[in-house]
Structure formats: C-alpha cells, structure tokens
Amino acid sequence: MIRTALLISVIVSTSAMLSCSARRSEPIVGPLSLSPEIVEGRKIFMDHCHQCHPSGEAGLGPALNNKPLPAFAIRTQVRYGFGAMPAFGEDEISETELDALLAYLKALRRHG
C-alpha cells in the first residue's frame with residue numbers, strides 16, 4: 001500500500017515537472033530584433049549550440065530561453081563545460097563571438 005502511494009506520488013511529481021517546460025517555439029512578443037551583434041550571435045548559436053538546444057529549447061541539453069543566468073555564468077559554462085556539455089575554447093568561439101552569443105541568448109529570453 002505504501003509502495004503504491006509512493007509510486008503514484010513519484011509519477012504525479014514527474015509528470016508535473018515535465019509538463020512545466022517553457023513554451024518557446026512561437027514568439028509571444030513579435031519578431032526578434034536583429035542588430036548585427038544578434039545576427040552574429042545567432043550564427044554562432046546555430047553552429048555550436050543548436051544541435052543540443054534547438055531554438056533555445058530543451059533537446060539533448062536543457063532549455064536556455066527560460067534560464068535567467070547572468071552572463072558570467074553562461075560564459076563559464078561555454079568555456080569550461082559541465083556534465084554532458086563540452087567546453088568551447090577560444091579557438092572554437094572567440095571572445096567577440098562569445099559576446100555576440102550572449103547578446104543573442106539575452107535577446108531570446110526577452111523575446112519570449
């Protein structure tokens with residue numbers, strides 16, 4: 001009886017957590033403003049990040065659009081990796097490109 005109640009509790013909790021993912025596939029506030037830096041950041045994102053974070057949503061990696069992480073935390077994550085995420089050195093993403101990537105991610109968060 002206790003096992004059944006525990007199992008039901010785990011199933012309900014897991015279902016609730018999975019159903020609360022961020023809705024990001026359709027823009028809520030209109031089109032994304034495309035400054036040259038945002039365009040460059042989008043290109044960097046598509047080249048290096050999109051495979052695991054499609055359009056900033058959860059895929060192989062977690063969603064990025066709903067994470068209000070400060071820029072230094074994202075920069076550290078990109079440079080040093082964590083868990084399954086690989087590290088991207090300056091030979092893969094330069095400091096200028098990383099700045100553009102951060103601007104793009106910030107724009108994605110504001111966008112939706």
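Treat the numbers as computed from the prediction; the structure is a model and nothing was measured.
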Open item on the list: Hydrophobic clustering (ILVMFWY, side-chain heavy atoms < 4.5 Å, transitive) - are V78 and Y80 grouped together?
Closed with: no
Open item on the list: So if I apply the side chain to side chain contact (heavy atoms under 4.5 Å, CB included) rule between S94 and each of D91, T96, L98, which one comes out positive?
Closed with: T96
Task: Heavy-atom pair with the smallest gap, counting every atom of I93 and E97 - done: CA-OE1, 3.4 Å
- [ ] Compare every heavy atom of P54 with every heavy atom of G59, then report the nearest pair and how far apart it is.
- [x] CA-CD, 3.8 Å
Open item on the list: If we ignore hydrogens and angles and just use 3.5 Å, is the side chain of E40 paired with the main-chain N or O of E37 as donor and acceptor?
Closed with: no
Task: Test item: R79 side-chain N/O and A87 main-chain N/O as donor-acceptor pair under 3.5 Å - done: no
Working to the nearest 0.5 Å, report the span between [atom1] of [X] and [atom2] of [Y].
| X | Y | atom1 | atom2 | answer |
| --- | --- | --- | --- | --- |
| I74 | K106 | CD1 | NZ | 10.0 Å |
| L69 | L102 | CG | CG | 10.5 Å |
| Q77 | F88 | CD | CZ | 10.0 Å |
| Q51 | L60 | CD | CG | 10.0 Å |

Open item on the list: Would you call the rings of F45 and Y104 parallel, tilted or perpendicular, taking 30° and 60° as the class edges?
Closed with: tilted
Open item on the list: I'd like to check C49 versus L101 (side-chain heavy atoms, cut-off strictly below 4.5 Å). Are they in contact?
Closed with: yes
Open item on the list: Could you tell me if the side chain of H50 sits less than 4.5 Å from the side chain of R42, heavy atoms only?
Closed with: no
Open item on the list: For a side chain to side chain contact (heavy atoms under 4.5 Å, CB included) check, start with the C-alpha distance between L64 and L108, then their side-chain angles and the critical distance, and finish with the verdict.
Closed with: CA-CA 9 Å; L64 303 176; L108 278 182; over 6 Å; no
